[in-house]
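On a predicted model such as this, the values are computed, not experimentally measured, just so you know. Chain A is the first sequence line, chain B the second, and so forth, proteins listed ahead of strands; every chain is numbered from 1. Just the heavy atoms: all of them, side chains too, but no hydrogens, waters or symmetry mates, feed the values below.
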Amino acid sequence: MIEFKNVNKWFGKLHVLRDINLEVPAGEVLVICGPSGSGKSTLIRCINRLEKFQKGELYVDGQPLHDHSINLTKLRADIGFVFQQFHLYPHMTALQNVTLAPINVRKMNRDEAEELGRRMLARVGLSDKADAYPAQLSGGQQQRVAIARGLAMSPKIMLFDEPTSALDPEMIGEVLDVMIQLAEEGMTMCVVTHEMGFARQVAHRVIFMDEGQLVETGKPDAFFDNPETERAAQFISKILTH
Amino acid sequence: MIAEYASRLIQIIPFFLKGLLMTVVVSGISLVLSTALGFILGILRTGRSRLVSRSIGLYVDVMRGTPFVVQIFIVFFILPEWGLQLDALPAAILALTAMTSAFICEVVAGGIRAVPKGQWEAAAASGLNKFQQLKLVILPQAMRTILPPLVGQYVLMIKDSSVVSVIGVTELTRVGWQTVVRIPEGLMVFTLVGVLYFVICYPLIRLSNSLEQRLSQESVRL
């Protein structure tokens, strides 16, 4: 479904992705962790080309992303992306946030889209918030609307960029529950997160990044309990004591 | 004395209303054109092309850095030498539009830049194309920032339209000049001119203020 081949990216002189090789088959739940500045966000932002990269090849759903002539809007329509800061559209209700892309990208008619939108909001447990504006919702609720917004496009892949990092602790659970449910339904997911519980429960694989490199890959339990590399061990001890 | 004043006033008022009408026509047409042009320029100014953005920036700086009376002289007296001969009215509209679109361009560009980058990213990530991102997500939010100063620009433009009297457009200010040389009540004449400008500008000033207030309250609610 996703295949990185020697992908390299620079921000000016800063080498943020170094020779990334990674394959994510359909249906896999992949957790990406690592210290801040390690390139993990950049990595998943490359998958829907929110970031360009300069060297290497990246195939997503059969499409070559290193080829700059591909139809980006078509590709992005099939990939859900959930941001750390939610980025809901503040001038629209929750329902309008969810139906905007189905109406304008999938060319669904309004009734159909609203029906779909309400179903998606119900799926994230927010049926009663359809007409609320983002500012009237808590952080956890906003992030669940953002997930519903992604799901409304029936994506083949869902990408999560630190989806719980901006949330108050008591709201993290409600967002993770939705993500766990998605994972159990077989969605292909790449999740940048430090939520070890989530990783242990549903991730098929954890990758650890540091300084733009993919340092270690493993099954979640093995990775967290017995990391192979010193850097990963240090990192895990830090998030444990945190 | 007062009766004399009043009768004089009644005598001259029809001319002034005609002048006012011309001011409204010149300003109104320029307002529509400069808004359209200003939005297009403002959107391109924030676009990805450096060359386009810088060229527009230069245009804006030139328009903002030169007096309007010079601009209108160039349009009316110099452009004919290059083959573009315009009557006074179209020349006035062209000059007002050129100047005001530059100001509106900056207002629009500022409004677009004030929308967080994440909004573009969220819209792009959901598969909307550039035009849809702008139309459905960015501009509706930018309008909050844009509207109050935009209406403010309209007020400035209506007042600047008095300058087009210098090329012979018989709008309100020119009617004032024409009248003041014929009758002795100079104070009355230009008070009347001022009052008539105020009559069209004041509602816009109020509109701008109330928009500012309403939109800032709304952003608190949202």
Side-chain angles (χ1 to χ4, degrees), chain A residues 41 44-45 47-52 71-93 96-107 132-137 142-143 145-161 166, chain B residues 39 42-44 46-53 107-151 210-222:
Chain A
S41 287
I44 75 160
R45 286 164 62 89
I47 298 174
N48 70 348
R49 262 275 297 279
L50 280 181
E51 300 288 351
K52 288 180 191 156
N71 184 345
L72 265 187
T73 56
K74 171 82 187 65
L75 173 92
R76 286 169 173 165
D78 289 335
I79 303 175
F81 198 102
V82 176
F83 297 86
Q84 180 177 357
Q85 302 289 347
F86 333 134
H87 297 325
L88 292 181
Y89 312 130
H91 59 301
M92 297 181 189
T93 63
Q96 289 169 332
N97 264 278
V98 177
T99 57
L100 185 74
I103 290 171
N104 291 285
V105 179
R106 298 275 191 240
K107 306 297 174 197
Y133 282 90
Q136 298 165 322
L137 300 173
Q142 289 189 52
Q143 193 60 300
V145 172
I147 294 173
R149 175 171 71 177
L151 292 178
M153 295 294 281
S154 325
K156 295 174 180 162
I157 303 166
M158 283 291 286
L159 305 173
F160 296 82
D161 188 5
Chain B
F39 268 82
I43 288 165
L44 292 174
T46 58
R48 218 175 308 161
S49 163
R50 277 255 175 99
L51 181 68
V52 172
S53 176
V107 169
V108 170
I112 290 174
R113 290 195 193 103
V115 177
K117 192 164 149 266
Q119 292 291 316
W120 287 99
E121 289 188 345
S126 71
L128 297 171
N129 63 38
K130 259 267 153 12
F131 178 73
Q132 291 171 324
Q133 294 166 30
L134 193 67
K135 180 181 145 212
L136 300 168
V137 176
I138 305 302
L139 275 182
Q141 296 180 59
M143 286 314 282
R144 291 162 186 286
T145 326
I146 292 172
L147 270 179
L150 179 67
V151 177
S210 83
L211 279 172
E212 191 151 20
Q213 224 160 27
R214 219 175 50 220
L215 292 177
S216 68
Q217 273 168 0
E218 230 170 273
S219 64
V220 171
R221 183 176 64 79
L222 288 190

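A/Arg45 meets the side chain to side chain donor-acceptor pair (under 3.5 Å) test with A/Glu51, B/Glu121; sequence neighbours excluded. The side chain to side chain donor-acceptor pair (under 3.5 Å) test applied to B/Gln141 returns B/Gln119, not counting sequence neighbours. Checked against side chain to side chain donor-acceptor pair (under 3.5 Å), A/Ser41 has the following partners two or more places apart in sequence or in another chain: A/Asp161.
Here the side chain of B/Glu212 pairs no donor or acceptor atom with the backbone of B/Pro148 at under 3.5 angstrom. Proximity of a side-chain donor or acceptor of A/Gln96 to a complementary backbone N or O of A/Thr93 within less than 3.5 Å is detected.
Using a 4.5 Å cut-off between non-hydrogen atoms, the part of residues 75-87 of chain A that approaches chain B consists of A/Arg76, A/Ala77, A/Ile79, A/Phe81, A/Phe83, A/His87.
Neither the backbone nor the side chain of A/Leu72 comes within contact range of chain B, judged by heavy atoms closer than 4.5 Å. Interface remark: A/Arg49 contributes no atoms to any contact with chain B (heavy atom separation under 4.5 Å). Proximity to chain B (any heavy atom under 4.5 Å) is shown, for A/Asn104, by both the backbone and the side chain.
Between B/Leu136 and A/Tyr89 there is no side-chain heavy-atom pair separated by less than 4.5 Å.
Counting non-hydrogen atoms of neighbouring residues, nucleotides and ligands closer than 6.0 angstrom, the NZ atom of A/Lys107 exceeds 12 such neighbours.
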